[in-house]
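Everything below concerns the one structure shown next.
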Amino acid sequence: MRLRCALAALPALLLMATAHAAAFKAMLIERADDPRFERSRLERAYLGHAGGPAADGVQLALQDALFELDAAGTGVELERVAVADAPAARDAAARAQKAGVAAIVGDLPTDWLL
């Protein structure tokens, strides 16, 4: 649910900041070797439940917003970062802020979130 809200808000946040006609940077921080995506676990999932990486949803959201982004003369560059633990996630988020990333999306365990 939290991920769906973040994905739904990503294009809106990026469109609000279109005062500059430059490409925006977005970063997806995800867990390296995520156990949720093991084949046996995905095969037992219920129909209609999310069963893949968040990167697929973020890419779809960006593709859906492509018309509006093109009309505004801007774009979004998505960078994916895989982290092994909570301190690495914090470091990646800090580097993203220093690099001027417009949006940070985290597909991480709750206790890893900043």
Side-chain angles (χ1 to χ4, degrees):
M1 182 68 170
R2 179 183 69 229
L3 179 61
R4 287 184 189 157
C5 293
L7 292 176
L10 180 63
L13 290 172
L14 294 173
L15 286 174
M16 287 174 25
T18 58
H20 307 291
F24 293 99
K25 295 178 184 177
M27 179 179 282
L28 172 63
I29 302 174
E30 53 195 349
R31 185 177 188 174
D33 299 326
D34 199 332
R36 296 177 298 164
F37 305 134
E38 291 176 2
R39 182 176 177 181
S40 62
R41 191 169 186 177
L42 289 175
E43 289 172 347
R44 293 183 305 215
Y46 294 103
L47 291 176
H49 288 203
D56 295 342
V58 172
Q59 287 289 354
L60 182 60
L62 292 175
Q63 288 173 358
D64 286 348
L66 190 59
F67 178 76
E68 290 84 1
L69 291 169
D70 285 343
T74 189
V76 178
E77 298 173 9
L78 179 65
E79 178 184 354
R80 293 174 64 181
V81 176
V83 295
D85 53 12
R90 282 189 217 98
D91 291 342
R95 282 193 312 269
Q97 285 181 328
K98 288 179 184 176
V101 172
I104 301 173
V105 179
D107 182 24
L108 301 168
T110 305
D111 56 337
W112 287 21
L113 294 175
L114 308 174

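Every value quoted in this text rests on a predicted model; they were computed, and no experiment measured them.
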I'd like to know whether CG of Asp33 has more than 12 heavy-atom contacts from other residues, nucleotides or ligands below 6.0 angstrom.
no
Residues two or more places apart in sequence or in another chain: which of them pass side chain to side chain donor-acceptor pair (under 3.5 Å) with Asp34?
Arg36
Test of understanding: with side-chain contact (heavy atoms from CB on, under 4.5 Å), list the residues that count as partners of Ala96, not counting sequence neighbours.
Met27, Val101, Ile104
Partners of Gln63 by side-chain contact (heavy atoms from CB on, under 4.5 Å), sequence neighbours excluded?
Leu60
To the closest 0.5 Å, what do you measure between [atom1] ([X]) and [atom2] ([Y])?
X: Ile29; Y: Arg95; atom1: CD1; atom2: CZ; value: 8.5 Å
X: Trp112; Y: Arg31; atom1: CH2; atom2: CZ; value: 4.5 Å
X: Arg90; Y: Leu108; atom1: CZ; atom2: CG; value: 10.5 Å

Test of understanding: with salt bridge (charged side-chain N to carboxylate O under 4.0 Å, His left out), list the residues that count as partners of Arg80, not counting sequence neighbours.
Glu30
[X] versus [Y], closest heavy-atom pair with distance:
X: Val76; Y: Ala26; value: CG1-CB, 4.0 Å
X: Val58; Y: Leu78; value: CG1-CD2, 3.7 Å
X: Lys25; Y: Ala99; value: NZ-O, 4.0 Å
X: Ala92; Y: Val81; value: CB-CG1, 4.1 Å
X: Leu69; Y: Leu62; value: CD1-O, 4.5 Å
X: Ala84; Y: Ala88; value: N-CB, 4.2 Å

